[in-house]
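First the structure, in the form of structure tokens, and then the observations on it.
One-based numbering, in listed order, for ligands and for the atoms of each. Both backbone and side-chain heavy atoms feed into the values below; hydrogens, waters and symmetry mates do not.
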Amino acid sequence: MQGLRVHITGIVQGVGFRPFVYNLATRLKLTGWVKNTSAGVEIEVDGKKDILDIFVQKLRDEAPALSSIDEFSASFRPASGFSSFDIRHSESVDGAFQPISPDVSICPDCLRELFDPSDRRYHYPFINCTNCGPRFTIIKDIPYDRPKTTMAGFPLCPDCEREYTDPTNRRFHAQPVACAVCGPKVWLESGSQVEGQRSLSGDDAIAETRRLLSDGKILAIKGLGGFHLACDATNEKAVTELRNRKLRVDKPFALMMPDIQTVEQHCFVSDAERELLQSTARPIVLLKKKPESTIVEEVSPRQDWLGVMLPYTPLHYLLFTDHYPLFTALVLTSGNLSEEPIATDNDDARKRLSKLADAFLMHDRDIHIRCDDSVVRVLEVGKLGNGRLVPNSQSTDLPIYPIRRSRGYSPFPVKLPFDVPQLLAAGSELKNTFCITNGNYAFLSHHIGDMENYETLRSFEQGVEHFEKLFRVKPEAIACDLHPNYLASIYASERAERENLPLFQIQHHHAHIAACMAEHRLNEPVIGVSFDGTGYGEDGAIWGGEFLVGDYKSFQRAAHLEYFPLPGGDAAIRKPARTALALLWSLGLEWDERLDSVAEFSTEDLVVLNAQLERKINTPMTSSMGRLFDAAAALAGVRQKVNYEGQAAIEFEALADPAEAGMYSFGVESGLVGVRGVVEALVKDAAAGISIQKISARFHNGLAESVRETVAKISTETEIRSIVLSGGVWQNITLIGRTLALLKKDGFKVYIHREVPTNDGGLSLGQAAIASTRLRG
Ligand SMILES: [Zn+2]
Ligand SMILES: [Zn+2]
């Protein structure tokens with residue numbers, strides 16, 4: 001007889017790990033115990049040496065699908081003389097922490113039970129088990145046990161209790177376990193616009209919700225991480241009404257479709273996309289729309305793709321139940337007004353969404369932390385890195401390109417290439433996420449949103465507090481963007497001063513490159529190509545077309561897009577025609593009335609704009625690639641005003657003719673990517689009536705070529721062969737596809753984002769990596 005002690009860390013709680021250990025140990029006739037602690041899972045067993053070896057092997061090989069083992073240590077010791085195998089009570093270890101599982105979509109077993117009339121949870125909208133259900137959004141503290149979740153207020157009925165305490169049951173220690181007798185309930189409330197609506201509950205509430213949706217009504221539906229606003233996606237009137245009420249112009253809405261067959265009726269779906277849609281994270285996947293799709297144009301105006309997800313909660317499945325095939329696709333957009341945070345609390349939703357929704361499908365399981373749907377796309381470009389984003393063993397090699405990393409992924413950590421101090425990185429202004437570090441883990445937050453109002457700032461502060469508590473972090477330093485006026489930067493500097501902590505203000509594009517380096521565990525100098533809309537530069541200008549050489553510690557600006565003036569700053573962002581005219585002015589090119597961008601202004605406005613440029617009134621200089629895209633789209637005649645950031649560039653890309661091989665020359669010189677050549681050629685083409693499709697392709701081709709030339713020059717000087725692409729402009733699939741092809745042909749090693757977004761949603765990871773390196777000196 002021999003004793004064995006095992007310690008396992010990683011995602012091993014809330015994923016059925018203890019019952020797995022229990023069943024394995026009893027099958028092998030071992031005695032001892034297993035328990036959760038805030039530091040992981042501890043196991044002690046007695047048995048014959050060769051059986052213990054098998055036990056260790058099987059612990060690793062047969063671990064539950066949702067678990068993810070980071071560290072595994074096993075050591076022999078004398079036998080303790082245990083007489084049985086037990087599951088012991090969880091224990092809190094001072095200062096210790098564990099990664100926490102993201103929320104997990106309903107599993108096949110629960111789905112079968114949901115639609116089995118003989119099952120006691122038939123049509124129960126909150127059915128779940130150890131393999132599925134809410135996690136992150138209901139957890140208040142660790143170790144993960146029911147009293148520390150928002151399920152604490154639902155005492156188990158005898159039937160659920162029996163399942164919960166039976167180690168051979170699928171619901172053994174499934175913390176959110178519940179049934180219609182003891183668990184949360186759904187009900188329907190009338191909004192302001194459906195008169196005399198009775199309050200219904202259970203199946204009746206869901207059936208009435210379906211009827212209202214098929215009748216063209218807009219419903220607020222409480223989900224896993226917050227409220228959604230829903231309507232029939234094939235009903236033009238309903239979708240237009242939703243846009244009007246939400247004050248959201250043009251920006252695409254996400255869709256939910258009942259099954260993969262329906263998705264394939266509306267969109268082209270590759271194998272990788274199918275796998276991603278069906279993965280347990282159930283993100284919104286961006287897919288090419290089929291011409292015959294009946295989804296109304298108003299869902300995603302002037303774009304050739306749709307953001308689609310499959311149902312991920314039992315309630316969603318009930319909404320689509322085939323007894324009532326009333327609609328094939330729902331718009332499911334976040335329950336908020338324009339840029340506010342998504343509503344999570346019932347009272348808050350009643351208050352904030354009453355003018356937006358005709359009725360509310362409510363429930364009483366509280367959402368402790370809001371979590372928006374994730375958005376990803378598949379980017380297949382040969383063997384480039386891998387898709388580690390999906391936190392379970394099922395889909396680790398998917399070529400994922402994240403756009404928004406939130407529900408289903410957060411708070412799964414990114415593992416850093418080195419141990420780091422405890423830090424908080426506050427992130428950016430737009431698409432904010434923050435990041436806290438502990439050990440070699442970087443815990444990137446869920447999507448917080450655009451930090452432009454008090455509500456979002458509050459949501460940010462609550463999120464930071466929650467993460468620091470969950471992962472037992474007391475920051476030794478704080479990192480933020482170099483821009484002093486970002487709300488996240490103000491929070492960071494005030495807190496650093498109050499708590500007497502070092503503050504690291506990190507240049508925006510350096511953080512982008514470091515984020516991509518960190519997720520690929522790179523720890524060597526690279527050439528970073530950081531293209532985006534706006535980032536505060538070290539010289540006070542607005543940067544955004546940057547070629548950096550450096551590592552985590554520091555960087556040099558090896559080259560950048562030629563500066564041009566941005567009259568009115570934000571006004572130019574809303575009106576690309578202003579940027580277009582400023583660009584012409586700075587190059588000494590004529591404001592030709594035949595150009596759409598010029599025709600957009602009255603003669604008086606042109607005089608005012610000219611004076612503003614001459615006198616440099618509120619006209620910052622910029623090297624922003626995002627703004628160059630805006631200007632090019634405006635000059636080509638795509639659009640002169642935008643309703644959301646990046647709209648002109650997105651529509652410009654959608655028009656690019658894939659068969660066009662011509663290109664505009666950017667004129668790459670030492671340290672500078674010129675704009676004269678491209679603007680002159682583009683204006684000439686536009687005046688000659690060349691199609692926007694060709695102009696767009698020539699612009700994209702030329703830009704990719706200019707990246708290749710610039711990178712080649714820098715590489716010759718520095719002998720660096722590793723290239724990192726990061727920044728929001730790289731969401732442009734046409735541009736990144738062409739650039740990657742060129743750089744790979746030249747034999748460079750190219751890294752793109754696979755775990756965190758290439759846009760500002762990934763910035764805080766880079767800030768954390770840089771600050772930790774600087775803190776260690
Ligand atoms: Zn399940
Ligand atoms: Zn029950």
Side-chain angles (χ1 to χ4, degrees), residues 11-20 22-23 62-68 100-139 144-147 149-187 201-203 223-225 259 277-282 309-321 363-366 390-395 407-408:
I11 296 207
V12 287
Q13 299 186 2
V15 290
F17 210 87
R18 286 176 301 172
F20 154 69
Y22 177 92
N23 287 313
E62 296 174 10
L66 295 178
S67 66
S68 158
I100 286 171
S101 169
D103 298 313
V104 180
S105 71
I106 182 171
C107 73
D109 289 333
C110 286
L111 192 56
R112 202 176 325 106
E113 291 169 356
L114 182 67
F115 290 108
D116 175 1
S118 68
D119 192 275
R120 72 183 193 88
R121 290 191 181 82
Y122 177 65
H123 278 197
Y124 180 57
F126 302 95
I127 186 170
N128 67 79
C129 72
T130 25
N131 301 320
C132 72
R135 296 288 186 275
F136 172 60
T137 51
I138 61 164
I139 294 176
Y144 172 57
D145 270 324
R146 192 172 177 102
T149 71
T150 62
M151 288 299 293
F154 297 96
L156 294 167
C157 71
D159 285 337
C160 285
E161 176 84 34
R162 205 171 308 120
E163 294 168 312
Y164 184 84
T165 49
D166 174 4
T168 64
N169 194 286
R170 203 173 89 244
R171 298 200 163 85
F172 176 72
H173 277 239
Q175 307 305 346
V177 76
C179 72
V181 175
C182 64
K185 300 190 173 15
V186 292
W187 68 91
S201 64
D203 263 1
L224 203 52
D259 47 46
L277 282 162
Q278 295 177 310
S279 68
T280 57
R282 293 285 155 97
M309 61 186 148
L310 292 176
Y312 52 88
T313 69
L315 184 57
H316 294 149
Y317 275 99
L318 292 171
L319 284 175
F320 284 107
T321 176
H363 66 70
D364 55 359
R365 187 178 68 200
D366 286 346
V390 177
N392 60 51
S393 49
Q394 292 152 19
S395 333
R407 177 191 50 77

Query raised in the report: To the nearest 10°, what's the angle at the Zn ion (ligand 1) between atoms SG (C132) and SG (C110)?
Result: 100°
Report task. Without swapping roles, check the side chain of K185 against the backbone of G202 for a donor-acceptor pair under 3.5 Å. Result -> no
Query raised in the report: Between the main-chain N or O of C110 and the side-chain N or O of R121, is there a donor-acceptor pair closer than 3.5 Å?
Result: no
Report summary line: The angle formed at the Zn ion (ligand 2) by SG of C160 and SG of C157 is about (to 10 degrees) 110°
Report task. Output yes when a side-chain donor or acceptor of T130 lies under 3.5 Å from a complementary backbone atom of R170, and no otherwise. Result -> yes
Query raised in the report: Got a second to check how far R120's CZ is from C157's SG, nearest 0.5 Å?
Result: 5.0 Å
**Report entry** Opening angle between SG in C107 and SG in C129, taken at the Zn ion (ligand 1), to 10 degrees
**Finding:** 100°
Query - Apex the Zn ion (ligand 2) - arms SG from C179 and SG from C182 - angle rounded to 10° - result: 120°
